[in-house]
Amino acid sequence: MSTDTRATAHHDLHAPVIDWFDEHARDLPWRRPEAGAWGVMVSEFMLQQTPVSRVLPVYEQWLARWPRPADLATESAGEAVRAWGRLGYPRRALRLHAAATAIALSHGGEVPRDHAKLLALPGVGEYTAAAIGSFAYGQRHSVLDTNVRRVFARAVTGVQYPPTATTAAERRTALALLPDDKGTAARWAAATMELGALVCTARGPECVRCPIAASCAWRLAGSPEHTGPPRRGQTYAGTDRQVRGKLLAVLRDAVDPVPQSALDAVWDEPVQRARALDGLVADGLVEPLADGVYRLPV
DNA sequence: AATTCGTGGGT
DNA sequence: TACCCAAGAAT
C-alpha cells in the first residue's frame, strides 16, 4: 500500500460518517440550538458513565429549574445533589454546582470558550472540555470518549476494543483523522460518537448498518475476538459504593435532616456503614449536624 | 498507573 | 442468574 493510498483512506472516512450522521442522528435536547453552552455542559456532566435514556428526564428538569449557571450557583449544593436523583456518581452533581459557581463568579456567567479555562473547572477533564468546545462552540478538538475510542480501535487499528485507559497512540490516531476545518471537525466528533453509540456498539456491532464497514480494519481482519486479560468488571454488590448509594438515597428523599437510626437501617454491617458515611461527609455530599443528625449540604 | 466513585437496563 | 457496560474525573 502506498502512503498516498493511506492518507486518502483516512480522508474517505469523513464523508460517509458525517452523511450517515446527518440521516441517523438522534434528536437529543442538548443538540438543539436552544440548549446553548450551558445545556451542553450539563448534558456532558450527566452523561459521564450514564446512559442517554436515564439522563433525558433529569436533564429537562435541571435546565427548566436552572436555565443559566448563575441560577444553579444561587442554590445550595445539596439541592443539586437532590435534583441529581438516581443518575449515580453524585459527586458529579457537586462538581457541576461548583463549576456553575465558578462560572458565575469568574467568567461573567458564561460557559468559557477557552479550552484551558474549561479544563480548570471542577468535573471537567480532557473529554468534557473537548466536548463542550466542540459541541457548544464549534471548535476543532479530538473528542475521545468511549464510543469514539471503540470506533477507532475497530475501523483504524483493527482490534475489537480500545485499551483500558486512553493512550498516546489513540490521541495520535484521533488527531490524524480530525478534519482541518473546525466546523467539519465538530460534525465529525458528534458523528463518530453517534456511530459508536448506535452501530459500532461494544457488544453487538451492526456492521450491516455501518457506513464505513467496507474499510473497517477490524472487519477486514475477520473481526478477531479481544485477546489478553479480561477487562475488569465493576463489582458492585457489597461494596462501599452500594452502601453510599443507600445512605444518600435516604437523605435525598427526606425533606428534613435525618437521624442516625434512619441511616443505620439501610445496612447491617456497622463498620462498613460508618466508613461509607464518613466517606460521604469527606466528599461533601453529606453534612453532619449535632447529635447524630445528617442532611444534604447547605 | 491503578482505584474509586452509582445505578439500572440489556443479554 | 451473573455479567457487561454506559458521552469520565479525580486522586
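Numbers restart at 1 for each chain; the letters A, B, ... are given by sequence-line order, proteins then strands.
Closest to the side chain of A:Tyr161, out of C:dA10, C:dC5, B:dG6, is C:dC5. When the nucleotides C:dA9, B:dC5, C:dA6 are ranked by their closest atom to the side chain of A:Arg91, B:dC5 comes out on top. Between C:dA7, B:dG6, C:dC4, one nucleotide has an atom nearer to the side chain of A:Arg203 than all others, and that is C:dC4. Closest approach to the A:Arg86 side chain among B:dG6, B:dT7, C:dA7 is made by B:dT7 (side chain taken as heavy atoms from C-beta onward). Of the candidate nucleotides C:dA7, C:dG8, B:dT7, C:dA7 has the atom lying nearest to any side-chain atom of A:Arg31. Closest to the A:Pro90 side chain, of the nucleotides B:dG6, B:dC5, C:dA6, is B:dG6.
Between the CE atom of A:Met46 and the C1' atom of B:dG8 there is a distance of 17 Å, given to the nearest Å. One can place NE2 of A:His141 at 18 Å from P of C:dG8, the figure rounded to the nearest angstrom. Straight-line distance from the CG atom of A:Leu285 to the P atom of B:dC5: 11 Å, rounded to whole Å. Taking atom CG of A:Asp240 as the reference point, atom P of B:dT4 lies 9 Å away to the nearest angstrom. Atom CG in A:Leu118 sits roughly 12 Å away from atom P in C:dA9 (whole-Å rounding). Rounded to whole angstrom, the span from the CD atom of A:Glu206 across to the P atom of B:dT11 amounts to 10 Å. In this structure, A:Tyr89 places its OH atom 11 Å from C1' of B:dT3, rounding to the nearest Å. Regarding A:Leu47, its CG atom lies at a distance of 14 Å from the C1' atom of B:dT7, rounded to whole Å.
Counting non-hydrogen atoms under 4.0 angstrom, A:Thr128 reaches the backbone sugars and phosphates but no base. A:Ala131 comes within contact range of no nucleotide atom at all, as no heavy-atom separation falls under 4.0 Å. Within 4.0 Å of A:Arg252, counting heavy atoms only, lie sugar-phosphate atoms of the nucleic acid but no base atom. Among the heavy atoms of the strands lying under 4.0 Å from A:Leu87 is at least one base atom, whether or not backbone atoms are also near. Among the atoms of the strands shown, only primed sugar atoms or phosphate atoms (P, OP1, OP2) are found under 4.0 Å from some heavy atom of A:Glu126. Among the heavy atoms of the strands lying under 4.0 Å from A:Gly125 are primed sugar atoms or P, OP1, OP2 only; no base atom is included. A:Arg149 comes within 4.0 angstrom of no nucleic acid atom, judged by non-hydrogen atoms across all strands. Counting any heavy atom pair closer than 4.0 Å across all strands shown, A:Phe45 reaches no nucleic acid atom. As judged by a 4.0 angstrom heavy-atom cut-off over every strand, A:Phe135 is placed among residues making no nucleic acid contact. Across all strands shown, A:Val124 has heavy atoms under 4.0 Å from sugar-phosphate atoms exclusively, and none from any base. Residue A:Leu94 is out of contact with every strand shown, counting any heavy-atom pair closer than 4.0 Å. Residue-level contact check: A:Trp30 touches the bases, meaning some heavy atom is under 4.0 Å from a base atom.
Distance noted for atom P between B:dC5 and C:dA7: 22 Å (whole Å). One P atom belongs to C:dA9, the other to B:dG8, and the distance between them is 23 Å to the nearest Å.
Judged by distance alone, the side chain of A:His97 and the main-chain N or O of A:Glu75 form a donor-acceptor pair under 3.5 Å. The backbone N or O of A:Ile103 sits nowhere less than 3.5 Å from a side-chain atom of A:Ser106 that would complete a donor-acceptor pair. At least one donor-acceptor pair under 3.5 Å links the side chain of A:Trp218 to the backbone N or O of A:Pro224.
At the phosphate of C:dG8, OP1 or OP2 sits under 4.0 Å from a side-chain N or O atom of A:Gln49. When the side-chain nitrogen and oxygen atoms of A:Tyr127 are compared with OP1 and OP2 of C:dA9, none of them lie within a distance under 4.0 Å. OP1 and OP2 of C:dA6 both lie 4.0 Å or more from every side-chain N or O belonging to A:Arg54. Contact annotation: A:Arg95 side-chain N/O to C:dA9 OP1/OP2 distance is not under 4.0 Å.
Annotation for A:Glu269: atom CD counts as buried by contact number, over 12 foreign heavy atoms lying within 6.0 Å. By the 6.0 Å contact criterion, CD on A:Glu34 is enclosed, its count of non-hydrogen atoms from other residues, nucleotides or ligands being greater than 12. Annotation for A:Arg68: atom CZ does not count as buried by contact number, only 12 or fewer foreign heavy atoms lying within 6.0 Å.
Mapping A:Leu121 and A:Pro51 onto DNA chain C by nearest heavy atom places A:Pro51 at the nucleotide closer to the 5' end.
Using a 4.0 Å cut-off between a side-chain N of Lys or Arg and a carboxylate O of Asp or Glu, A:Asp264 and A:Arg273 qualify as a salt bridge.
One cannot find a donor-acceptor pair under 3.5 Å joining the base of B:dT7 and the side-chain atoms of A:Arg241. No hydrogens or angles were tested; on distance alone, nothing pairs the side chain of A:Thr50 with the base of B:dG8 as donor and acceptor under 3.5 Å.
With A:Trp188 as reference, A:His14 is the one residue of A:Met193, A:Arg140, A:His14 to meet the side chain to side chain contact (heavy atoms under 4.5 Å, CB included) rule.
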